[in-house]
Trainee: 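This is the structure I want to talk about, given as structure tokens.
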Amino acid sequence: MRPDVERRIREGLRAAILATGRVEHLDLSAVHLEKPRDPVHGDLATNAAMVLAALVKASPRMLAEEIVARLDFPPDLIGGVEIAGPGFINLRWSDEFLFRETERIVRAGSEYGLGEKKAGKRIQLEFVSANPTGPLNVVSARAAAVGDSLARILEWAGWEVETEFYVNDGGTQIQLFGDSIRARFLELGGFPSSLPEDGYRGEWVRGIARMLWDLLSEILRTAREDLPLEPWRDLTGGRDIGDTWEGGTTRERAAALADALCDHVEQRNGARGLAEGWFAPRGGGDALAGDPGRVSDEEVLALGEPWGETFPFGRVGVAFMLAWQRASFERFGVIYNADACAESELRGWFHESRLYETRAVEDTLANLKTLGDAVYEKDGAWWLATSGHGDDEDRVLVRSDGRPTYFLTDIAYHENKLRRGYDSVIDIWGPDHHGHVGRMKAAMQIVGAGRDWLEVIIAQQVNVLRDGKPVRMSKRGGEIISLDEVVAEAGVDTARFFFLMRKTSSHLDFDLDLARKASEENPVYYVQYAFARIWSIYEFARRRNLMTEEMGDLSLLTAREEVRLMRDLVRFPGEVRAAAGTLEPHRLTVYLQDLAHSFHKFYQGHRVVGDDDGLSRARLSIVHATRAILETGMGLVGVQPPKERM
RNA sequence: GCGCCCAUAGCUCAGUUGGAUAGAGCGUCUGCCUCCGGAGCAGAAGGUCGCAGGUUCGAAUCCUGUUGGGCGUACCA
């Protein structure tokens with residue numbers, strides 16, 4: 001239901017209630033207007049009489065009688081009113097209303113029901129924010145599908161939405177990641193493995209090491225043999241490799257090359273090429289093997305070994321992982337767009353390291369310390385008194401050894417968001433951050449944000465099933481089902497639809513075999529099949545020379561299936577607003593299946609293009625309307641509607 | 001031990017912020033194409049909404065207790 005239609009109905013209700021003389025004024029917020037579960041109860045049901053009954057101590061059914069007697073809806077809006085059950089007032093759209101709305105859908109297309117812009121109201125939506133120490137896993141994939149869809153839905157509902165990825169590139173995990181790459185790098189030179197105890201064991205770590213090794217040997221060869229340095233110009237982002245390589249100490253040369261590499265992969269195009277060419281989804285190491293024999297391992301190691309000490313493996317590794325992640329997102333149809341990040345960074349990608357560089361972390365701590373009792377020192381550490389704001393216990397901001405905790409950094413990050421002036425901030429976190437929610441909300445209240453300013457959604461875990469059994473996953477252990485694999489096996493549309501079929505807060509089973517082998521059993525095909533039929537109808541109509549975009553006479557459409565289809569079409573704006581209000585995009589996949597079902601029933605029961613031209617035109621019109629709503633709805637969940645025959 | 005999430009048909013899950021006779025897909029069974037795609041439609045079977053209390057006109061939904069599963073519970077991130 002469109003917002004202005006809802007307003008008209010609520011106003012009508014209010015007037016009728018006041019006209020009963022039972023109350024002087026009325027808070028309508030407790031009065032619900034909703035779609036009854038059972039269609040025989042009409043299109044809208046309201047509990048108004050029951051709410052009133054609670055106020056004036058009278059029988060709901062009697063009050064319902066009084067209200068209904070005073071209801072005065074125009075006949076082009078409501079066609080039927082009845083009292084049912086304990087005191088529901090059921091309303092039914094008039095045929096005229098359905099005809100007019102259907103026509104409006106055809107004319108407005110994707111604009112139908114679009115929420116009014118909430119002037120200046122901005123929401124920031126942060127999602128995935130996975131550590132840049134490995135490929136994106138399935139939970140990240142789910143969070144990406146949910147976040148991206150939610151952004152589209154909120155935007156549709158009238159908010160100004162910015163999406164953002166927070167890059168955790170500042171902590172001890174990065175150190176560990178770098179050490180892991182270094183260990184693999186040295187292994188290539190014949191050193192015994194020195195992989196840290198809890199280091200990263202994934203194949204991709206070998207891949208990065210291998211790539212760096214190959215790169216280094218090529219550069220050495222080029223420099224030593226006085227060959228043209230041109231091929232490296234691209235790699236170093238236009239910088240002359242000679243400048244990078246010649247002169248300076250080994251440490252300086254290593255740092256310069258690392259800079260060049262990072263710069264390069266951070267440019268989008270470079271990122272794609274590198275990520276796709278140098279990493280296979282699994283076990284990418286083999287693909288990276290260079291042409292052996294051009295430079296011997298001993299030579300590389302002799303020159304490169306010092307790099308084992310000086311080269312910033314962690315930094316380069318992060319740059320490559322981010323490149324990979326961005327490429328994965330691009331394939332998945334997810335683009336971050338917040339433009340509040342530093343100029344040197346990509347839109348929508350906010351680096352934790354920047355909080356240290358700009359001393360934001362220190363500033364945040366200093367600021368907190370000015371807030372009276374909020375911060376105190378105990379056992380040599382600094383604590384934040386979050387327990388007064390709904391958290392279980394107080395939390396450490398600065399360890400006794402002087403290092404800041406992740407918590408402090410995250411407060412600094414969210415303070416940054418606060419200063420950017422968002423009216424509301426939504427974070428989608430993985431299940432492992434569950435325990436972080438309470439303290440973070442508490443902290444934001446302490447620094448002065450409104451109680452509901454920060455909303456956290458936990459994207460629950462995904463159990464990937466292969467051969468009917470759950471796959472164990474661990475990023476550090478290297479066992480991962482990546483977003484890339486899910487996309488490769490299930491396809492973007494199926495995967496995205498799948499991730500949005502469950503409530504975000506519920507665990508999700510993702511059966512890879514089923515997604516791959518039995519695509520016709522997948523609900524997304526049910527919805528897309530509606531499209532297939534629409535295209536077929538169009539094709540048939542063209543052959544009969546009956547294809548037209550002009551509105552037919554909708555009053556010819558009175559069959560049960562036709563009316564039902566129109567009623568479902570009209571529901572659309574309300575469904576999107578409900579999804580926006582509850583932050584639950586899965587409602588839309590449910591709705592789309594509903595709508596597809598109504599369309600299939602209609603199709604099954606009635607020939608669209610038949611002998612009666614007038615009827616054919618009228619039916620073509622609701623087909624147009626259905627197509628428009630399906631397209632818009634699928635767009636909001638991030639699934640491509642088929643553009644032609646499947 | 002404490003906290004959070006979950007428990008609904010054989011399986012996977014919806015259930016419109018407390019509404020009416022609890023729904024869908026898959027699976028099982030029965031029908032439906034000389035006609036726009038049968039990847040569909042119609043129908044059947046399948047339920048003590050984990051269990052026990054409570055709140056009220058009314059509970060799958062809220063409260064308390066309880067059982068089972070998951071996650072969290074760091075001066076990790």
Side-chain angles (χ1 to χ4, degrees), chain A residues 32-38 40-41 45 47 50 53-54 59-61 84-88 90 131 133 168 170-174 176 198 352 378-383 391-393 395-407 409-410 430-438 458 460-461 463 501-503 505-509 511 514 518-523 525-526 528-530 532-541 543-544 546 561 571 574-575 578-579 581-582 584 586-587 589-591 593-594 596-597 599-610 616 619 623 645-646:
Chain A
H32 295 152
L33 202 57
E34 52 200 20
K35 180 176 88 75
R37 205 176 275 167
D38 189 333
V40 307
H41 293 129
N47 60 348
M50 277 106 96
S59 138
R61 287 205 63 116
F88 284 104
N90 293 332
N131 277 351
T133 54
N168 292 120
T172 51
Q173 290 305 313
I174 303 304
L176 191 59
D198 47 357
E352 177 190 358
K378 193 180 87 178
D379 305 330
W382 287 92
W383 298 70
D391 197 11
D392 305 333
E393 51 188 297
R395 307 290 173 176
V396 170
L397 294 169
V398 183
R399 302 177 180 90
S400 47
D401 65 4
R403 287 153 54 226
T405 60
Y406 171 82
F407 181 42
T409 316
D410 223 12
D432 50 335
H433 282 66
H434 202 123
H436 197 59
V437 178
I458 297 293
Q460 268 298 352
Q461 77 183 61
N463 294 314
M501 280 184 2
R502 308 278 176 260
K503 250 193 315 205
S505 59
S506 298
H507 291 204
L508 169 71
D509 282 342
D511 189 330
L514 189 77
S519 56
E520 69 267 10
E521 287 169 22
N522 202 304
Y525 285 85
Y526 182 78
Q528 291 189 324
Y529 185 51
R533 287 184 147 166
I534 288 172
W535 299 135
S536 289
I537 292 167
Y538 286 172
E539 207 170 83
F540 187 80
R543 279 210 301 276
R544 293 286 194 87
L546 282 169
E561 294 82 0
R571 277 171 53 201
E575 295 290 333
T582 56
E584 288 176 348
H586 82 279
R587 284 161 183 268
T589 58
V590 173
Y591 169 76
Q593 290 175 84
D594 266 9
H597 188 220
F599 180 74
H600 288 312
K601 278 168 93 90
F602 157 74
Y603 176 90
Q604 205 78 37
H606 307 278
R607 281 195 66 77
V608 175
V609 181
S616 299
R619 288 187 177 147
V623 172
R645 287 178 67 94
M646 292 162 67

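These figures come from a predicted structure and were not determined experimentally. These numbers come from the heavy atoms of this one structure, side chains and all, not from hydrogens, waters or symmetry mates.
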Trainee: Heavy atoms from C-beta onward define the side chain here; which of B/C71, B/G38, B/U12 lies closest to that of A/D509?
Mentor: B/U12
Trainee: Report the distance from atom CZ of A/R399 to atom C1' of B/A74, rounded to the nearest whole Å.
Mentor: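 These atoms are roughly 9 Å apart.
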Trainee: If you only use heavy atoms from C-beta on, which nucleotide in B/C57, B/A77, B/G40 is closest to the side chain of A/M50?
Mentor: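 Nearest to the side-chain atoms of A/M50, counting from C-beta on, is B/C57.
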Trainee: Which nucleotide sits closest to the side chain of A/H586: B/U17, B/G15, B/A77?
Mentor: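 Nucleotide nearest to A/H586's side chain: B/G15.
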Trainee: Measure from the side-chain heavy atoms of A/K503 and tell me the nearest of B/A14, B/A77, B/U17.
Mentor: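 For A/K503, the side-chain atoms sit closest to B/A14.
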Trainee: Using a strict 4.0 Å threshold on nitrogen-to-oxygen distance, state whether A/D401 and A/R403 make a salt bridge.
Mentor: yes
Trainee: Could you give the distance separating B/C49 and B/G18 at their C1' atoms, to the nearest angstrom?
Mentor: 15 Å
Trainee: How far does the C1' atom of B/U28 sit from the matching atom of B/G69, given to the nearest Å?
Mentor: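 29 Å, rounded to whole Å.
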Trainee: Testing the basics here: between A/E393 and A/D391, what is the closest heavy-atom pair and its distance to 0.1 Å?
Mentor: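 Minimum heavy-atom separation between A/E393 and A/D391: O-OD2, 3.2 Å.
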Trainee: Using only side-chain N and O atoms of A/Y526, determine if any of them is under 4.0 Å from OP1 or OP2 of B/C41.
Mentor: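 Affirmative; the distance criterion is met.
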Trainee: What does A/A541 touch in the nucleic acid at a heavy-atom separation under 4.0 angstrom: a base, only the sugar-phosphate, or nothing?
Mentor: nothing
Trainee: Please report, rounded to the nearest Å, how far the C1' atom of B/G3 is from the CD1 atom of A/I458.
Mentor: 13 Å
Trainee: What distance, rounded to whole Å, do you find between the two C1' atoms, one in B/C29 and one in B/A45?
Mentor: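 These two C1' atoms come out 8 Å apart once rounded.
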Trainee: Under a cut-off of 3.5 Å for both distances of each Watson-Crick or G-U pair, what dot-bracket string does RNA chain B give, using [ ] for crossing pairs and | for inter-strand pairs?
Mentor: (((((.(..((((.....[...)))).(((((.......))))).....(((((..]....)))))).)))))....
Trainee: Closest approach of A/Q461 and A/P431, non-hydrogen atoms and distance?
Mentor: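 Closest approach of A/Q461 to A/P431: N-CG, 3.9 Å.
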Trainee: When you match A/H434 and A/A45 each to their closest nucleotide on RNA chain B, which lands nearer the 5' end?
Mentor: A/H434
Trainee: So what does A/H597 hit on the nucleic acid, given a heavy-atom distance under 4.0 Å: a base, only sugar-phosphate, or nothing?
Mentor: sugar-phosphate
Trainee: How should the glycosidic conformation of B/U28 be described, syn or anti, under the criterion that syn lies within 90° of 0?
Mentor: anti
Trainee: Whole Å only: how far is the NE2 atom of A/H433 from the P atom of B/U73?
Mentor: 10 Å
Trainee: The test is side chain to side chain contact (heavy atoms under 4.5 Å, CB included); show your working for A/R533 and A/Q604 and say whether it passes.
Mentor: CA-CA 11 Å; A/R533 287 184 147 166; A/Q604 205 78 37; 3.9 Å; yes
Trainee: For A/V608, which contact category applies under a 4.0 Å heavy-atom criterion: base, sugar-phosphate, or nothing?
Mentor: base
Trainee: Quick one: label A/D410 by what it contacts on the DNA or RNA (base, sugar-phosphate, nothing), any heavy atom closer than 4.0 Å.
Mentor: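 Nothing, no nucleic acid heavy atom in range.
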Trainee: Describe the nucleic acid contact of A/Q593 in one word from base, sugar-phosphate, nothing, applying a heavy-atom distance below 4.0 Å.
Mentor: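 No contact at all - A/Q593 keeps every heavy atom at 4.0 Å or more from the nucleic acid.
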Trainee: Taking the six-membered ring for Trp, does A/H41 stack with B/A20 (centroid gap under 5.5 Å, planes within less than 30°)?
Mentor: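 Stacking is present between B/A20 and A/H41, given that their ring centres fall under 5.5 Å apart and the planes under 30°.
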Trainee: Is there a side chain to side chain contact (heavy atoms under 4.5 Å, CB included) between A/D594 and A/R571? Walk through the geometry before answering.
Mentor: CA-CA 11 Å; A/D594 266 9; A/R571 277 171 53 201; 3.5 Å; yes
Trainee: Which nucleotide in the list B/G38, B/C76, B/A20 gets nearest to the side chain of A/P36?
Mentor: B/A20
Trainee: Ring of A/F88 versus six-membered ring of B/A20: centres under 5.5 Å and planes under 30°?
Mentor: yes
Trainee: What verdict does the side chain to side chain contact (heavy atoms under 4.5 Å, CB included) test give for A/V608 and A/F602, after you've listed the backbone C-alpha separation in whole Å, the side-chain angles of each residue and the deciding distance to 0.1 Å?
Mentor: CA-CA 9 Å; A/V608 175; A/F602 157 74; 3.9 Å; yes
Trainee: A/Y406 vs A/H436 aromatic rings, parallel, tilted or perpendicular, using cut-offs 30° and 60°?
Mentor: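 A/Y406 and A/H436: tilted rings.
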Trainee: If we only count heavy atoms from C-beta on, is the A/R587 to A/T582 side-chain gap below 4.5 Å?
Mentor: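 Yes, their side chains come closer than 4.5 Å.
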Trainee: Using atom C1' of each nucleotide, how far apart are B/C33 and B/C26 to the nearest Å?
Mentor: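 Straight-line distance between the two C1' atoms is 24 Å.
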Trainee: What is the distance, to the nearest angstrom, from the CZ atom on A/R533 to the P atom on B/G38?
Mentor: 5 Å
Trainee: Rounding to an integer number of angstrom, what distance separates B/C75 and B/C13 when you compare their C1' atoms?
Mentor: 42 Å
Trainee: State which of B/U17, B/G40, B/C75 makes the closest approach to the side chain of A/E34.
Mentor: B/U17
Trainee: Could you please name the option among B/U73, B/G40, B/A77 that lies closest to any side-chain atom of A/E393?
Mentor: B/U73
Trainee: Heavy-atom distance under 4.5 Å between the side chains of A/E561 and A/Y603, does that happen here?
Mentor: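 They are not in contact (no side-chain heavy atoms under 4.5 Å apart), so the answer is no.
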Trainee: Quick one, A/V609 and A/R543 - any side-chain contact, counting heavy atoms below 4.5 Å?
Mentor: no
Trainee: For nucleotides 58-61 of chain B, which of its nitrogen or oxygen atoms have a protein nitrogen or oxygen under 3.5 Å away, and what is each distance?
Mentor:
from, atom 1, to, atom 2, distance (Å)
B/A60, N6, A/R37, NH2, 2.9

Trainee: Among B/C75, B/C41, B/A20, which nucleotide sits nearest the side chain of A/S400?
Mentor: B/C75
Trainee: Can you check the A/N47 CG to B/U56 P distance for me, whole Å?
Mentor: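 These atoms are roughly 18 Å apart.
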Trainee: Pick the C1' atom in B/U12 and in B/G19, then give their distance to the nearest Å.
Mentor: 27 Å
Trainee: So does A/D38 reach the base of B/A22 with its side chain, donor to acceptor, closer than 3.5 Å?
Mentor: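 Not at all, since no donor on one side and acceptor on the other fall under 3.5 Å apart.
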Trainee: Of all the heavy-atom pairs spanning A/P523 and A/M501, show the shortest one and how long it is.
Mentor: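 Shortest heavy-atom contact: CG-SD, 3.6 Å.
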Trainee: Going by a 90° cut-off around 0, is B/C33 syn or anti?
Mentor: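 This nucleotide is in syn.
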Trainee: Answer with base, sugar-phosphate or nothing: what part of the nucleic acid does A/A578 contact at a heavy-atom distance below 4.0 Å?
Mentor: nothing
Trainee: Specify the separation, in whole Å, of atom CD of A/Q173 and atom P of B/A74.
Mentor: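 To the nearest whole Å, that distance equals 17 Å.
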Trainee: How far does the C1' atom of B/G54 sit from the matching atom of B/A14, given to the nearest Å?
Mentor: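 So the two C1' atoms sit 28 Å from each other.
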Trainee: If you assign A/G610 and A/V590 each to the RNA chain B nucleotide with the nearest heavy atom, which residue ends up on the more 5' nucleotide?
Mentor: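 Counting from the 5' end, the first nearest nucleotide belongs to A/V590.
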Trainee: Is a donor on one side and an acceptor on the other found under 3.5 Å between the side chain of A/D379 and the backbone of A/A381?
Mentor: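 Pair absent, no side-chain N/O of A/D379 close to backbone of A/A381.
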Trainee: I need the NE2-P distance between A/H436 and B/C75, as an integer number of Å.
Mentor: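 Rounded to the whole Å, the gap is 14 Å.
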Trainee: So which heavy atom on A/P86 is nearest to which on A/M50, and how close?
Mentor: CG-CE, 4.0 Å
Trainee: Distance between the P atoms of B/A7 and B/G70, in whole angstroms?
Mentor: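 Here B/A7 and B/G70 have their P atoms 15 Å from each other.
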Trainee: Which nucleotide, B/A14, B/G38, B/C75, lies nearest any side-chain atom of A/R502?
Mentor: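 Given the options B/A14, B/G38, B/C75, the side chain of A/R502 is closest to B/A14.
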Trainee: For A/F88 and A/H41: C-alpha separation, side-chain torsions, deciding distance, then whether side chain to side chain contact (heavy atoms under 4.5 Å, CB included) applies.
Mentor: CA-CA 9 Å; A/F88 284 104; A/H41 293 129; over 6 Å; no
Trainee: Categorize A/T409 for me: base, sugar-phosphate, or nothing, with a 4.0 angstrom heavy-atom threshold over every strand shown.
Mentor: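 It contacts nothing in the nucleic acid.
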Trainee: Using the side-chain heavy atoms of A/P86, tell me which of these nucleotides is nearest: B/C35, B/C4, B/G19.
Mentor: B/G19
Trainee: Measure the distance from CG on A/N90 to P on B/U16 and round it to the nearest whole Å.
Mentor: 17 Å
Trainee: How is A/F407 classified with respect to the nucleic acid when contacts are heavy atoms under 4.0 Å: base, sugar-phosphate, or nothing?
Mentor: nothing
